[in-house]
Every structure is written in C-alpha cells, then in structure tokens.
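Below is one structure, written out as structure tokens, with a few remarks after it.
Lettering of chains follows the sequences in order, A, B, ..., and the numbering in each one begins at 1.
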Number of protein chains: 2
Amino acid sequence: MMMEKYRNLHIKLTPQRLAILSYLNGNTSHPSAEDIYKAVQGQFPTMSFATVYNTLEALKNKGSVQELKIDHAKKRYDPDSTIHHHLICNKCKNIIDIHKDFNLSLPDEMTEGFDVLGNSIEFYGICSKCNK
Amino acid sequence: MMMEKYRNLHIKLTPQRLAILSYLNGNTSHPSAEDIYKAVQGQFPTMSFATVYNTLEALKNKGSVQELKIDHAKKRYDPDSTIHHHLICNKCKNIIDIHKDFNLSLPDEMTEGFDVLGNSIEFYGICSKCNK
DNA sequence: CGATTTGACAAGAATCATTCTTGAATGATA
DNA sequence: TATCATTCAAGAATGATTCTTGTCAAATCG
C-alpha cells in the first residue's frame with residue numbers, strides 16, 4: 001500500500017529512510033529537520049542529523065517534499081506536494097494548509113521578461129491559541 | 001527633503017545610519033546585509049557588520065524596512081513599505097516588485113480560528129538573463 | 001558651563017542550523 | 001566472490017546572525 005508509493009520514489013529504501021517517510025506521510029505539521037530527527041530517534045537511536053538532511057535532500061529532488069521558506073530560524077518541510085498555500089501564526093510560527101485555488105495572473109508589463117512558473121501565498125495572522 | 005523623512009523615524013541619525021538610509025532609499029534591489037555593508041564600506045571603512053544589523057533592526061521596528069524570507073541563505077531587506085508582492089528568479093535569486101492588488105479572502109472554515117492579518121504572494125520563475 | 005546619562009559604535013567572540021568530509025558498512029550486479 | 005555505487009554515523013567546517021564588551025559622542029540637566 002504505502003510501500004508501493006515509496007518504491008516509486010526510486011531511491012534506496014533503508015530502514016532509516018522508511019522511518020522518516022512514515023513520519024512524514026500525511027503529516028501536516030510542517031516539521032523542521034530537528035522535529036524529524038527527534039521523532040525518529042526512538043526507533044533509531046544511533047541516527048545522525050546528516051541522515052535526516054540527506055534523506056530530505058533526496059526527497060526534495062524527487063519533488064515529494066517541499067522546503068518552506070517561511071521561518072528564518074530553521075527550514076520547515078512539507079510532504080504535501082499538491083498545490084496549496086499557508087497560513088502562519090506570527091507568534092508561535094504554527095503553520096496550517098490552505099487548500100484553495102486562487103487564479104493569480106500577472107500582466108506581461110509587470111514581469112520584466114520573467115518566465116513565470118508558479119506562485120505561493122503566505123497568509124499571516126494570529127492563531128486561536130496565541131489570541132487568548 | 002530626504003532629511004525630513006529620516007527625522008520622522010525618531011532614531012538617532014548618525015553618519016553611518018544616514019549612509020545606510022541613503023543607500024536604501026528608493027532601492028529596489030532587495031539587498032542582503034552583506035550588500036549593504038559593502039555599499040557603505042567606501043564611505044566608512046571602519047564600519048562593522050554589527051552596525052548594519054543594528055540599524056536594520058531599528059528600521060524594522062519602525063516599520064520602514066521589511067525583512068524578506070525569500071532566500072534561505074541570507075535575509076534580504078526591502079525599504080518599500082507599501083503593500084506589494086515579489087517575483088523571484090529560481091536561478092539567480094533576483095527579486096522584482098509586483099505592485100498589484102489581489103483581493104485574497106479566506107473562507108472562515110479554512111482559518112481554524114486564526115485572526116488573519118495580511119498576506120504576501122511570491123511568484124516564482126526564471127528571469128530573462130537566466131533564460132538565455 | 002561640567003557631570004551624567006543614553007545610545008551608538010567597532011571588534012571580535014559565540015551561536016546554531018546546515019553542509020561537508022571521512023571512512024566504514026551495506027546493497028546491487030554480474 | 002569481486003566490484004561498484006550508495007548510504008550511513010560522527011564530527012568538523014561553514015557562515016549568517018546575534019551577543020558581549022569596552023569606548024566614545026551627543027543630549028540632558030543641575
């Protein structure tokens with residue numbers, strides 16, 4: 001079931017990588033490398049940070065994980081490869097997904113000859129927890 | 001003329017800060033701290049990086065400079081405080097401004113109780129130079 | 001005027017996420 | 001089994017940013 005999906009990545013599936021993949025699968029928490037490292041620590045106490053980064057790099061290249069530039073302090077990763085946007089809490093940096101299609105087109109005279117390939121919208125606000 | 005504008009910031013205007021302000025004024029190149037440092041080096045060879053960062057911090061607090069999260073490698077700064085968006089070259093990281101108003105509203109059932117305050121759109125593409 | 005406080009400065013050390021390097025281990029192939 | 005490529009762990013290296021310290025100049029106040 002899930003293995004099928006993983007095999008289609010055409011990367012070598014080691015136990016460490018499977019643990020990372022399984023943590024990421026369906027995960028909407030937009031974890032940082034550290035979050036992932038901690039989550040997999042239980043199963044592989046000897047695993048190093050390098051393995052997390054290497055695996056994320058491999059997944060990025062396959063397009064199955066996206067690197068979010070939302071937080072300057074640390075990179076956040078998103079396993080949802082469908083087109084969507086994000087709503088970020090200014091205080092706690094919590095990120096939720098916005099699955100809505102906005103049809104954003106740019107008039108040619110604004111693009112200075114760029115070949116425009118896509119877009120991403122960040123909504124900012126304060127989440128309900130921080131708003132109390 | 002310009003001094004008026006600077007004085008309204010209500011921060012102490014030292015020669016170093018004036019040099020930074022004058023470099024930033026009307027600048028649409030979205031410079032990094034290093035770019036700014038290099039640009040002001042000519043006038044103040046003894047200036048340190050800390051002064052650049054301190055000044056940017058002060059300007060950020062006054063809302064007259066925005067920190068862009070577009071580039072993971074280094075922060076980029078934008079002195080244009082009007083509402084606008086960005087078009088970024090995936091290859092050379094060149095950033096141009098998009099002054100266009102998109103009316104983006106989110107249905108309540110998507111916001112999970114967030115108080116939505118604003119948004120920012122990043123368009124991605126390849127600039128004409130990199131496309132040759 | 002002096003004295004004192006405030007904030008800015010330069011220099012360099014400290015931090016910390018990320019990347020790189022190395023050598024060992026593993027897996028695939030034939 | 002021999003070969004070759006890939007992955008792994010461990011820790012060193014990197015580099016942008018932040019922090020610390022002592023110095024200095026401008027502003028305030030008696």
Heavy atoms of A:Met110 and B:Ile96 approach each other most closely as O-CD1, 3.7 Å
Taking only N and O in the side chain of A:Gln16, is any of them less than 4.0 Å away from OP1 or OP2 of D:dT7?
no
Quick one: side chain to side chain donor-acceptor pair (under 3.5 Å) partners of A:His10, sequence neighbours excluded?
none
Nearest-0.5 Å distance, CG of residue A:Leu117 to OH of residue B:Tyr124:
11.5 Å
Base-contact (B) and sugar-phosphate-only (S) positions in nucleotides 15-30 of chain C, heavy-atom cut-off under 4.0 Å, - elsewhere
--SSBB----------
Partners of A:Asp97 by side chain to side chain donor-acceptor pair (under 3.5 Å), sequence neighbours excluded?
A:His30, A:His84, A:His86
Minimum-distance nucleotide to B:Thr46 side chain [options: C:dC9, D:dC8, C:dA10]
C:dA10
Residue-phosphate contact under 4.0 Å: A:Thr14 side-chain N/O, D:dT6 OP1/OP2
no
note: A:Asn61, atom CG; D:dT7, atom P; distance rounded to Å ~ 11 Å
Does B:Lys100 make a cation-pi contact with B:Phe102, if we ask for NZ or CZ under 6.0 Å from the ring centre and within 45° of the axis?
yes
Would you kindly give the CG-to-C1' distance between B:Leu56 and C:dA8, to the nearest whole Å?
15 Å
Using the side-chain contact (heavy atoms from CB on, under 4.5 Å) criterion, which residues pair with B:Asn119? Sequence neighbours excluded.
A:Ile121, A:Phe123, B:His85, B:Leu104, B:Ile121
A:Arg17 side chain N/O closer than 4.0 Å to the phosphate oxygens (OP1, OP2) of D:dC8?
yes
B:Leu21 atom CG is separated from C:dA8 atom P, nearest whole Å, by 13 Å
Let me confirm one number: the OG-CD1 distance from B:Ser120 to B:Ile98, rounded to the nearest 0.5 Å.
11.5 Å
Assess whether a salt bridge exists between B:Glu4 and B:Arg7, defined as any Lys/Arg side-chain N lying under 4.0 Å from an Asp/Glu carboxylate O.
no
B:Tyr23: which residues meet the side-chain contact (heavy atoms from CB on, under 4.5 Å) condition with it, sequence neighbours left out?
B:Asn27, B:Ser29, B:Pro31, B:Asp35, B:Ile36, B:Ala39
Is B:Ser48 near enough to C:dC9 that one of its side-chain N or O atoms lies under 4.0 angstrom from OP1 or OP2?
no
Tell me the bend of the helix from C:dC1-D:dG30 to C:dA30-D:dT1 as the angle between end helix axes, each from five pairs, rounded to the nearest 10 degrees.
20°
